[in-house]
Amino acid sequence: MTETPVAPSTARMIDYWLGGRHHYPVDVAAATAFEGAYGPCAEIFRSLRAFLGRSVAYLAGQGIENFLVFGAGVPTRGNVHEVAADAHVLYTDIDPVTIALGQEVLAGHDLAGYAFGDATDPAGIDPAALARFLPGWGREPIGVVFLGLAAFLDDPTLARTLDQLHRVVPPGSMLAFDFDGEELTGYPEALAMMGEGFHMRDTATFPALLGKWRPTSDGIVPVARWRPEGQAAEVPDAFHGGVALH
């Protein structure tokens, strides 16, 4: 088991809210403190994870067989390799504790692996990991999963990152994305907890940041209302997102 961390991780806080078991007391304490300033979060993050599932299932249904996941967090509770069980999946993150947890979870898995990867520098991903877990890399369309990252990148960095990703993946690739809306403006204490590097955006300005990625006809909507299975979950519109084409 990995060494117990001294600082909380958003990824492990989300694991806690999803009902997972790959988190630590420091993460639970941070999650509890945030809920004290905002309110219950479990249903919101379950809705976001459900969006991940629906978007990945859509990409797989369009013939995508290789998925590159940035800011992957802990790969449990309905993550990409569980939704697209026959696909090749490479999860990446920059947090060493989360990477170690991910590697523990995926130990012995034939089609899914975990490696260090910074979305702002896709060329820095270990070539051996790409070759091992994404055999179609450079030749076949890639499903890029870019969830939970936009809020931590300023506009120039986000636009540059998405442009880089568009250049490194082949035509036919697809992007599942989300971003934080302006929900926290009404909760200043919770917003302060997110720090100065946290960025909220609205649906009118976000499309320009996608660059050459083209949203599907579903558009950019609150994630609970992107192709819902039945009635959309009744949760605050904390996250917006969609799928975009190369």
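Nothing fancy with the numbering, it's 1 onward along the sequence. Heavy-atom basis, side chains included; hydrogens, waters and symmetry copies ignored. If you're wondering where the values come from, they're calculated on a predicted model, not measured in any experiment.
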* Asked: Within the side chain of R139, is there an N or O that forms a donor-acceptor pair under 3.5 Å with the backbone of P135?
  -> yes

* To do: Kindly give the heavy-atom pair with the smallest separation between P8 and A30, and that separation in Å.
  => CB-CB, 3.6 Å

* Structure fact -> Sorted by chain and residue number, the side-chain hydrogen bond (donor to acceptor under 3.5 Å, both in side chains) partners of E140 (sequence neighbours excluded) come out as N66

* When rounded to the nearest 0.5 angstrom, what is the spacing between NE2 in H22 and CG in L101? -> 7.0 Å

* At what distance, to the nearest 0.5 angstrom, does CG of L68 lie from CG of L175? -> 10.5 Å

* Asked: Can you list every side chain to side chain donor-acceptor pair (under 3.5 Å) pair that touches residues 114-134, not counting sequence neighbours?
  -> D118-T120

* To do: Starting at CG of L158, measure out to NE2 of H199 and round the result to the nearest 0.5 Å.
  => 9.0 Å

* Kindly write out the residues that satisfy side-chain hydrogen bond (donor to acceptor under 3.5 Å, both in side chains) with D218, not counting sequence neighbours, or none if the list is empty. => T216, R227

* Results of side-chain hydrogen bond (donor to acceptor under 3.5 Å, both in side chains) for R54 - residues two or more places apart only -> none

* Out of curiosity, T157 OG1 to F152 CZ, how far, rounded to the nearest 0.5 Å? -> 14.0 Å

* **Donor-acceptor pair, side chain of Y91 and main chain of V80, under 3.5 angstrom** => yes

* Structure fact -> Residues T161 and A119: closest non-hydrogen pair is CG2-O, 3.2 Å

* Is the shortest heavy-atom distance from the side chain of Q62 to the side chain of M174 under 4.5 Å? -> yes

* Asked: Who pairs with D237 by salt bridge (Lys or Arg N to Asp or Glu O under 4.0 Å), at least two apart in sequence or on another chain?
  -> R225

* Considering all heavy atoms of both residues, which atom of P207 and which atom of A204 are nearest to each other, and what is their separation? -> CD-O, 3.7 Å

* Asked: Which residue pairs pass the salt bridge (charged side-chain N to carboxylate O under 4.0 Å, His left out) test with at least one member in residues 78-97, sequence neighbours excluded?
  -> R12-D95

* Asked: Given H240 and V221, is the side chain to side chain contact (heavy atoms under 4.5 Å, CB included) satisfied, shown in steps?
  -> CA-CA 5 Å; H240 295 69; V221 295; 5.9 Å; no

* Asked: By side-chain contact (heavy atoms from CB on, under 4.5 Å), which residues pair with S217, not counting sequence neighbours?
  -> none

* To do: Start with the C-alpha distance between L90 and T92, add both sets of side-chain angles, then the distance that settles side chain to side chain contact (heavy atoms under 4.5 Å, CB included), and finish with yes or no.
  => CA-CA 6 Å; L90 178 60; T92 70; 4.1 Å; yes

* How many angstroms lie between atom CG of D180 and atom CG of D202, to the nearest 0.5 angstrom? -> 13.0 Å

* Hey, could you give me each pair passing ring pair (Phe, Tyr, Trp, His ring centres under 6.0 Å) that has a residue in residues 115-149? Not counting sequence neighbours. => none

* Is L147 reachable from L149 through a run of hydrophobic residues whose side-chain heavy atoms are each under 4.5 Å from the next? -> no

* Asked: Which residues pass the side-chain hydrogen bond (donor to acceptor under 3.5 Å, both in side chains) test with Y38, sequence neighbours left out?
  -> E183

* Determine whether the aromatic ring centres of H81 and F67 lie less than 6.0 Å apart. => no

* Asked: Sequence neighbours excluded, which residues qualify as side-chain contact (heavy atoms from CB on, under 4.5 Å) partners of A37?
  -> E189, A190, M193

* Asked: For R214 and H246, which heavy atoms make the closest approach, and how far apart are they?
  -> NH2-O, 2.9 Å

* Show your working on side chain to side chain contact (heavy atoms under 4.5 Å, CB included) between S9 and V97 and close with a plain yes or no. => CA-CA 9 Å; S9 156; V97 175; over 6 Å; no

* Asked: Yes or no on side chain to side chain contact (heavy atoms under 4.5 Å, CB included) for L162 and K212, after CA distance, side-chain angles and deciding distance?
  -> CA-CA 9 Å; L162 293 175; K212 294 181 179 180; over 6 Å; no

* Sole residue of L165, V168, V69 in side chain to side chain contact (heavy atoms under 4.5 Å, CB included) with V144 -> L165

* Qualifying salt bridge (charged side-chain N to carboxylate O under 4.0 Å, His left out) pairs, either residue in residues 154-179, two or more places apart -> D155-R201, D163-R167

* Results of salt bridge (Lys or Arg N to Asp or Glu O under 4.0 Å) for E43 - residues two or more places apart only -> R46

* For the pair W213 and H166, name the ring-plane relationship: parallel under 30°, tilted 30 to 60°, perpendicular over 60°. => perpendicular

* Over all atoms of both residues, closest heavy-atom pair of A238 and I44 -> CB-CG2, 4.1 Å

* When hydrophobic residues are tied together by side-chain contacts of less than 4.5 Å, even through go-betweens, does I142 share a cluster with F70? -> yes

* Is there a path of hydrophobic side-chain contacts, each under 4.5 Å between heavy atoms of I, L, V, M, F, W or Y residues, that connects L111 with L134? -> no

* F239 versus V223: any side-chain heavy-atom pair under 4.5 Å? -> yes

* To do: Describe, in one word, how the ring planes of F51 and W226 are oriented to each other, choosing from parallel (under 30°), tilted (30 to 60°) and perpendicular (over 60°).
  => perpendicular

* Asked: To the nearest 0.5 Å, what is the distance between CG (L48) and CH2 (W17)?
  -> 11.5 Å

* So which heavy atom on I64 is nearest to which on P141, and how close? -> CD1-CB, 3.6 Å

* Among the clusters formed by ILVMFWY side chains lying less than 4.5 Å apart, do V145 and F45 turn up in the same one? -> yes

* Asked: Is F177 linked to L245 within one hydrophobic cluster, defined over Ile, Leu, Val, Met, Phe, Trp and Tyr using a side-chain heavy-atom separation of less than 4.5 Å?
  -> no

* Taking the side chain as C-beta and beyond, is there a heavy-atom pair between V243 and P215 under 4.5 Å? -> no

